[in-house]
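Encoded as structure tokens, the structure appears first; notes follow it.
Proteins get letters first, then strands, A, B, ... in listed order; numbering begins at 1 in each.
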Amino acid sequence: MSAFDEFDQERQAIDSLLLQGYTVTGIFEDLDGAKVRFIRREPAGEPIELLLLTADARKHVTTLIFGGSKPAAPIETHT
Amino acid sequence: MADLSIDFAGIKSPNPFWLASAPPTNTGYQVQRAFEAGWGGAVWKTLGEPVINTSSRFAAVHFGGQRVAGFNNIELITDRPLEVNLKEIYETKKRFPNNTIIASLMVEPKQEKWHEIVKRVEAVGVDGLELNFGCPHGMAERGMGAASGQQPDLVQAQTTWVKEVATTPVIVKLTPNITDITVVARHAVKGGADAISLINTINSLAGVDIHSWNTIPNVGGQGAHGGYCGPAVKPIALSMVAECARDRAVDVPISGIGGISTWQDVVEFMLMGSTGIQVCTAVMHHGFRIVEEMIDGLNNYLDEKGLASVMELIGKSVPKYSNWGDLDLNYKVVARINEDNCINCNKCHIACEDASHQCIDMLTNAEGKAILQVREEDCVGCNLCSIVCPADGAIDMVALDSGAAPMTWNQRNQVISGLNGSYSEVEVG
Ligand SMILES: Cc1cc2nc3c(=O)[nH]c(=O)nc-3n(C[C@H](O)[C@H](O)[C@H](O)COP(=O)(O)O)c2cc1C
């Protein structure tokens, strides 16, 4: 799989949780990557944890929080 | 035509081009010829107790067809008595009153030694003093040069002693053979330095002869470490100048030295915070007359930029130089190959495949022609392909708008710690 595809899978997982109303409540980084914790209050759901491996996904999730924005539209690619 | 004159810590010079303290400033004959050629100033070959030099003292590193990419020396300070030098300085200043003469000095780290030499040198009418705390070889073994320049407190103390008697501006010349040059620069400033100059030469051994097993250079089969300078050291010098320029505690003018050969190099050093510059190796390689092209080039550049004075360049790039943690992680460039200029040497493909992110494909286009194409979504924008590409205009690095707000590593860390902090509060509550 290309590096972009790896990132894209992780991004889609993040974006889909956010679109379902989850919010990020914690990011814990270690040697294995970033563990990102999501919770949803309404309707209440079990906390979900994603382990992000790619640098671009780790960047993406923090960019969304930093910019206070919604998930962006997918990036156009040339493939 | 723009005004090339500078005011360096109160020292007026007709232009920013000075010769560094080195063989080209050994005698009055040389310095006068340099002034005739157009050099604005000269830092005289370091004065002190005359030394004895070895025969066979220079070496060079030639690289990829370029002669003298780097230059190495094991020469010490002047080997001529002080009075002889002072007489020539006096005569040179009399003949060229508008040009700048700086006396470079090095004595043992003792107050009375510094007082004595400063008084004798200033008596002949120099425009300033440069304290040589940088020479990495020979003198260092005697407790001078880099040996004292590597001890910040000794730099401060010696600068203070000089300032006790000096009536002209005092420039402290720094050694690059140290972990953090700003530490020494700050101590020079604390000691009262009016300016700093950097860099002196970098510890080096030019090479080993694989046939005789002798070092290069060697003195009858025996070698010793020397000082490296010339084009190869420019990036090191420029970064050290930049570090000093952006350090608020180093609030004195900087004379930039190290690998300067062209007017473009001069502009770079001035943009990075140098008020003036000094040159040694390029003159040893090409002679005094390189200054003619430097003057013309700088003049044209300033005219093109619409600048009235060269002083307007000083430090303009310093705010653009910060810490890695303050760089925007969301800034994105990708490589684009221009088929019209590509010569299909495949160097970019090999570099990307073997040393980067494997995103340059070797394809065949509709007309059956071999082409190279970047998969932009996989390109991290490292620049390697454009660096190794031998064909001008074949690879452009193009900035893409990712649509994401700028975010630095430091900001990202703040986001994460803020998030985790509030999360644990929630958990606790
Ligand atoms: C052969 C030689 C002798 C030098 N002698 C001195 C010296 O006496 N005093 C001094 O401060 N620097 C001395 N230097 C260092 C230069 O002044 C300068 O700092 C260094 O060469 C870097 O500049 P460049 O890359 O333009 O050569 C010497 C350099 C060379 C190559």
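- Within 6.0 Å of CG on B:Asp354 lie more than 12 heavy atoms contributed by other residues, nucleotides or ligands.
- Proximity to chain B (any heavy atom under 4.5 Å) is restricted, for A:Glu29, to the side chain, taken from C-beta onward.
- Distance check: B:Met407 CE to A:Ile65 CD1 gives 9.5 Å after rounding to the nearest 0.5 Å.
- A side-chain donor-acceptor contact under 3.5 Å links B:Arg412 to the backbone of A:Arg58.
- The 12-atom threshold is not exceeded at NZ of B:Lys305, counting heavy atoms of other residues, nucleotides or ligands nearer than 6.0 Å.
- Residue B:Lys347 places its NZ atom among 12 or fewer non-hydrogen atoms of other residues, nucleotides or ligands, all under 6.0 Å distant.
- In this structure, the side chains of A:Thr25 and B:Leu419 stay at 4.5 Å or more apart for every pair of heavy atoms.
- Heavy atoms from other residues, nucleotides or ligands lying under 6.0 Å from CD of A:Glu49 number more than 12.
- The minimum heavy-atom distance between B:Ala404 and A:Thr63, with the atom names listed, is CB-CG2, 3.8 Å.
- Options A:Ala34, A:Ala3, A:Ala55 differ in how many heavy-atom pairs under 4.5 Å they form with chain B, and the most are formed by A:Ala3.
- Going from atom CG of B:Asn330 over to atom CZ of A:Phe66 covers 9.0 Å, rounded to the nearest 0.5 Å.
- In this structure, A:Lys59 contributes its side chain and B:Leu329 its backbone to a donor-acceptor pair below 3.5 Å.
- At distances below 3.5 Å, at least one donor-acceptor pair connects side-chain atoms of B:Asn420 with backbone N or O atoms of A:Ile27.
- Of the inter-residue distances, the one linking B:Glu377 atom CD with A:Asp8 atom CG reads 9.5 Å to the nearest 0.5 angstrom.
- With a threshold of 4.5 angstrom between heavy atoms, A:Val24 approaches chain B through its backbone and through its side chain.
- More than 12 heavy atoms of other residues, nucleotides or ligands shown are found within 6.0 angstrom of NZ on B:Lys369.
- Side chain of B:Asp378 to main chain of A:Ser2: no donor-acceptor pair is present (N/O by atom type, distance under 3.5 Å, no hydrogens or angles).
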